[in-house]
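For reference, the structure is listed below as structure tokens.
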Amino acid sequence: APTPSAPAPTPSAMPSLPTRPSPTSAASTAGGAASAMPSLPARTPPTAPAPSVPAAGDATIRPQVVSLAPPAARPAANPTPAASVTPTPPMTPEQEELNRKLQEIRVKLLRLSRRLGQGPRNTVVAQVLYRLELAEHLKAGRPRGMPGGSSAAFEAANAEATRAEEEPATADPLGFECTILLLGKTGVGKTSTINSIFDSPVADAAPFDGETLQVREIKGEVYGIPVRIIDSPGLRPCAADSRYNARIMAQTKHFMKKHSPDIVLYFDRLDMPHRDFGDLPLLRIVTETFGASIWFNAIVVLTHACAAPPDGANGQPISYDMYVAQRSHVVQQMIRQAAGDMRLMNPVSLAENHPDCRQNNKGERVLPNGQVWRPQLLLLAFASKILTEANSLLNLKENSAGRQFMAQKQKVPPLPYLLSSLLTARKPRKQFQEEEEEEYEAPPPGEDEGPPPKQVAIPAPDPALPPSFDSDNPGHRFRFLEAANQWMVRPIVEAHGWDHDAGVEGFSVDKAISVKPSIPANVSGQITKEKKDMQLALEAEASAHHKTGLVTTAGLDIQTVGRQLAYTCRTETRWKNAASNKTSAGLSASMVGKGIAYGAKVEDRWKIRPGMKLVLSGGAITSKGDVAYGGNMEATLRRITDETAEGGRTTIGASFMNWKGDLALGANLTNQFAIEPKTQLTTRANINSRGAGQLSVRASSNDRLQLALAALVPVFCTIVGRIQQEG
């Protein structure tokens, strides 16, 4: 009679490993994140990546692959004749000892799953068994398709686990305990989850305020399994509380010296949707304290899992699974950024601690998707420790080289962007000209001159808001008085914005300062804010005029680069070689995140004749052994046709940049000339070595309103195109 094979997970019980969810594929991912337990964290051994969980984009584990049935019961992908089958070599004593220990791990996992009310068909159990089988074959040096007794090992382990749980008096002790570390923001429900795990009020919990004031240890038994929980005080999400969070993490790290945690549970709330990375600074404090390895055995727990999903973009409520997938994606993405490893995929579990939560006939809390969350969370934590023991036994180390490469890649500053900013030509600040004192009549003898005149605020000019069809003009909302402190503040207006929008996207500030008569300075900056992103640009510089023809300029620039701030200190000295030649040289140091880039430049300006000049510049910038260098050339010709015209200007420019062996070339041409005294025509053309280019023609006039009829050309082309499509 054929021996019964291991229960093969069915598609409903063993879904494909979830990949990173996205808005378009969130529906397919939600089933792996909510209805079934998600995959375990990625653990990639350097020898063979197969035993670890596939990262996002890898091939998924399908039911027929996870099945542990004997090879004869499964159809082979490439059947070979029986005569060509290589006999299995005999096992050495070391391999026999290894197989015995792996068998004990299988029995331990199956006993844990039975105690938690789960079976071998559970998703987490099937995945761990699959990894153990695959790792065993790879360690023995034979393909997985070769006969090696995997099915017999599973059957023996399943029979022993069943006997041990049904007859505990004659069975060996389980010999398993787990230490869990809890991390998360304050008020997310860590203490309430502890009470739910132990099914008793072992810790005081408040519905609104955080109750944990110091790191503590809570011991107990869950389903007869000793569990130790290290509960840490809640972290504060405000950026001003970074010192408090660092102190709490330091206390937690000191407490962990007594008992090292096996699993880390990071808590967040499901009912607080946010799409930004507001908690990223908090997660980075955790990474800086414990190291990036703290996230390799971390499980994300989303509490308040019975909350109703909010409405979607179309005003209709989104599905529960879709909402869980979106929240899981945001938290997972923040952890990847904090750990510096974009391949990390932390599993997500749900929890609900409210006493009014729906329960089954056993008194266990059930989520809206029908999942009993308490045994699933415990099984996921226990299975993660089982995998850690198996990796230690099989001597499978983490692929730290790949993680270090990803972390280093994230820390390298954007050299092409910084080089382009370094090569930008900047003129030194001119000295302030002392105003000539106006003659005035002196008061008669014996009379006081009177108090000095007051400096009063004057109305600032109205911003040029974009045209709108709305009857209510919002211009009065942006009127203010210009202060007498010489700070010039102006709104930044987007002329082509959304309908029914004022167009004000930010503000700019500028102030000229005279440190000394020979040291003029200037501070300027602007802040623009959109719905999600904010851009900051701040520039402060001062020029010291040493003597005729020698000027030194130093400055500090702060600007937004992606989601980080770039701080640049620069200095540049310009000297006059001749009446028609000026040369300048400068240095810069930029810091983006934790990476620092150093750069140098040389610039030469030639005045060939009145109205014609040539500027040549070149420089290089380096960071962490990476170098980028480039150069610019610009020739400008000004011409005046007559006294009434505004004149014309022609500019020809060329540039090159080399970074990591990739050479980029570019050229541009700008020509501006006056057609009439109040009408100008501007043409621009540019092209680069990658085949991209642009050509634009712009006409501006103050008295030729008929030029506005040019807007009818695209309207006419659109109408003709629609007619041709319908025809």
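Hydrogens, waters and symmetry mates play no part in the numbers below; they use all other heavy atoms, side chains included. By convention here, the first residue in the shown sequence is residue 1.
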Discussion item. Using side-chain heavy atoms (C-beta onward) and a distance below 4.5 Å, is K185 in contact with N245?
Written reply: no

Item to complete: Answer with yes or no whether the side chains of E541 and T553 bring together a donor and an acceptor at under 3.5 Å.
Response: no

Practice prompt. Find out whether V286 and Y266 are in side-chain contact, i.e. whether some heavy atom of one side chain is under 4.5 Å from a heavy atom of the other.
Written response: no

Worksheet item: Does any non-hydrogen side-chain atom of W295 lie less than 4.5 Å from one of D341?
Response: no

Discussion item. Are the side chains of T650 and L669 in contact, using a 4.5 Å heavy-atom criterion?
Written reply: yes

Fill in: Donor-acceptor contact below 3.5 Å, side chain T289 vs main chain I285
yes

Item to complete: Could you tell me whether the side chain of H545 reaches within less than 4.5 Å of the side chain of P520, counting heavy atoms only?
Response: yes

Worksheet item: Any chance CH2 of W575 has more than 12 other-residue heavy atoms, nucleotides or ligands included, within less than 6.0 Å?
Response: yes

Discussion item. Taking side-chain contact (heavy atoms from CB on, under 4.5 Å) as the criterion, tell me which of I558, D557, N522, D510 meets it with E539.
Written reply: D557

Item to complete: Could you tell me whether a side-chain N or O of T622 sits under 3.5 Å from a main-chain N or O of D626, the two making a donor and an acceptor?
Response: yes

Worksheet entry | Non-hydrogen side-chain atoms of Q559 and Q535 separated by less than 4.5 Å | no

Discussion item. Measuring only between side-chain heavy atoms, which start at C-beta, is L587 closer than 4.5 Å to Y598?
Written reply: no

Discussion item. Counting neighbours of NZ on K427 that are heavy atoms of other residues, nucleotides or ligands and sit closer than 6.0 Å, is the number greater than 12?
Written reply: no

Fill in: Separation of T583 OG1 from D604 CG (nearest 0.5 Å)
4.0 Å

Item to complete: Check for a donor-acceptor pair, side chain of N688 on one end and backbone N or O of A664 on the other, with a separation under 3.5 Å.
Response: no

Worksheet item: Does the pair R570/E572 count as a salt bridge with the N-to-O cut at 4.0 Å?
Response: no

Worksheet item: More than 12 non-hydrogen atoms from neighbouring residues, nucleotides or ligands closer than 6.0 Å to CZ on F290, yes or no?
Response: yes

Worksheet item: Are any of the side-chain heavy atoms of P414 and V561 separated by less than 4.5 Å?
Response: yes

